[in-house]
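Below, all heavy atoms of this structure are taken into account, side chains as well, without hydrogens, waters or symmetry copies. This structure is a prediction, so every number in the text was calculated from the model and none was measured.
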Amino acid sequence: MGLWPSAHERAADFRTVAGEQRQIAMTDAVNVEMNTMTAVSRQTVNGVTVGIELVSGEAAIDIHAQTAGFSVLSQGAKTIASAGRFQVRHTGDKTCVSCVAGTLAVYHPTGKRVLGAGQMLEYASDAIGTAKAVDVAALSAWRSGVLVFRRTPLSEVIAEINRYRPGRVVLVKQDVGAREMSGRFDIRLLDVVLEQIQRTYDLDARRLPGGVLLLG
């Protein structure tokens, strides 16, 4: 059920647990903010930090001064920027890269992509997508303690809530998983959100030990 980190995640230099966020000054010019359930390892050359490996989860990279290039490795591809702000998210079998400010390049085994502010792309280990426009404010809302959903399938909403809440929410009544949901929710009040979901979709709730909640 994804309740425990993998060996690769446990070996990372920095980790956050469910509901935790953490800021790290990787260099004098680069700050990395780790979102919930994120594992990051420092990448160095001759003792100098040149980037990170995003083992899992989500990280926002803020480059405050021009650099020779700071990289984020994920799923065998490398995202590099010399200035600006961007986010990288690796969950499941996909990685999403979004450019908030400036420009960046994604070097994938199958090709290179360049992103400008307000663009994002997704890739897997064996394929890379194309750049498309995205609402970076919504993608970055977690940095302000908020989750934003816009016509998002309920199954995906539940999966996202599971990243922030200890335990596990299981949608037993899977036929409602495709129904869409929109809203802006405080990360600190996710149990209230789950109660709203229960009432809105007429679901029964059963609580089990370990923070497990069955909705069906």
Original post:
Has E180 got more than 12 heavy atoms of other residues, nucleotides or ligands less than 6.0 Å from its CD?
Top reply: yes

Original post:
Are the side chain of T152 and the backbone of R150 linked by a donor-acceptor contact shorter than 3.5 Å?
Top reply: yes

Original post:
For D186, which residues count as a salt bridge (Lys or Arg N to Asp or Glu O under 4.0 Å) partner, sequence neighbours excluded?
Top reply: R188

Original post:
Just by distance, do the side chain of N162 and the backbone of V169 share a donor-acceptor pair under 3.5 Å?
Top reply: yes

Subject >> Student check: side-chain heavy atoms of W142 and Q21 closer than 4.5 Å >> reply: yes

Subject >> Spatial distance of atom OG (S144) from atom CZ (R184) [nearest 0.5 Å] >> reply: 7.5 Å

**OP:** Mind checking the CG-CG spacing from L213 to L171? Nearest 0.5 Å is all I need.
**Re:** 10.0 Å

Original post:
So how far is it from T36 OG1 to I161 CD1, rounded to the nearest 0.5 Å?
Top reply: 12.5 Å

Original post:
Do R42 and T49 get their side chains close enough for a donor-acceptor pair, meaning under 3.5 Å?
Top reply: yes

**OP:** Give the cluster check for L203 versus L190: same hydrophobic cluster or not, with ILVMFWY residues linked at side-chain heavy-atom distances below 4.5 Å.
**Re:** yes

**OP:** Over all heavy atoms of both residues, which pair between A101 and A117 is shortest? Give the atoms and the distance, please.
**Re:** CA-CB, 4.0 Å

Subject >> Members sharing M26's hydrophobic cluster (side chains within less than 4.5 Å) >> reply: F14, I24, V30, V32, M34, V40, I52, L54, I61, I63, F70, V72, F86, V88, V97, L104, V106, L115, L121, Y123, I128

Original post:
If two hydrophobic side chains count as joined below 4.5 Å and joins carry through other members, does L147 share a cluster with V100?
Top reply: no

Original post:
So, for M181 and L154, which heavy atoms are closest and what is the spacing to 0.1 Å?
Top reply: SD-CD1, 4.1 Å

Subject >> Non-hydrogen atoms of F185 and Q196 that approach each other most closely >> reply: CE2-OE1, 3.7 Å

**OP:** Check whether any side-chain heavy atom of S41 lies under 4.5 Å from a side-chain heavy atom of V55, and answer yes or no.
**Re:** yes

Subject >> Value rounded to 0.5 Å, distance of OG in S98 from CD in E122 >> reply: 10.5 Å

Subject >> From CZ (R85) to CG (N31), nearest 0.5 Å >> reply: 12.0 Å

Subject >> Shortest non-hydrogen separation from A105 to K112 and the atoms involved >> reply: CB-CE, 4.0 Å

Subject >> Whether T16 side chain and N35 backbone form a donor-acceptor pair below 3.5 Å >> reply: yes

Original post:
Would I158 end up clustered with V170 when hydrophobic side chains under 4.5 Å apart are linked, directly or stepwise?
Top reply: no

Original post:
Hey, does the side chain of Q75 reach the backbone of T95 with a donor-acceptor pair shorter than 3.5 angstrom?
Top reply: yes

Original post:
Has the side chain of R165 got a donor or acceptor atom that lies under 3.5 Å from a matching backbone atom of G211?
Top reply: yes

Subject >> Heavy atoms from other residues, nucleotides or ligands near CG of D175 exceed 12 (cutoff 6.0 Å) >> reply: yes

Subject >> Single-linkage hydrophobic cluster, 4.5 Å side-chain cutoff, V176 and L214 together >> reply: no

Original post:
Going only through I, L, V, M, F, W and Y residues with side-chain contacts under 4.5 Å, is there a path from I80 to V50?
Top reply: no

**OP:** Check which hydrophobic residues are tied to V146 through side-chain heavy-atom contacts below 4.5 Å, counting indirect links as well, and list them.
**Re:** V148

Subject >> Flag, side chain of Q87 to backbone of V136, donor-acceptor distance under 3.5 Å >> reply: no

Subject >> Which atom of Q66 lies closest to which atom of S82, heavy atoms considered >> reply: NE2-CB, 3.4 Å

Original post:
Within a strict 4.5 Å, meaning less than it, do heavy atoms of the M120 and K132 side chains meet?
Top reply: yes

Subject >> H108 (side chain) donor-acceptor with G76 (main chain) under 3.5 angstrom >> reply: no

Original post:
What is the distance from atom CG of L208 to atom CZ of R168, rounded to the nearest 0.5 Å?
Top reply: 14.0 Å

Subject >> Minimum-distance pair of heavy atoms, taken over all atoms of A39 and R15 >> reply: CB-CG, 4.0 Å

Original post:
Under the 3.5 angstrom rule, does the side chain of T110 hit a backbone N or O of A127 as a donor-acceptor pair?
Top reply: no

Original post:
Sub-3.5 Å donor-acceptor pair from the side chain of E20 to the main-chain atoms of V17, do we have one?
Top reply: yes

Original post:
Is the backbone of G69 close enough, under 3.5 Å, to the side chain of T67 for a donor and an acceptor to pair up by distance?
Top reply: yes

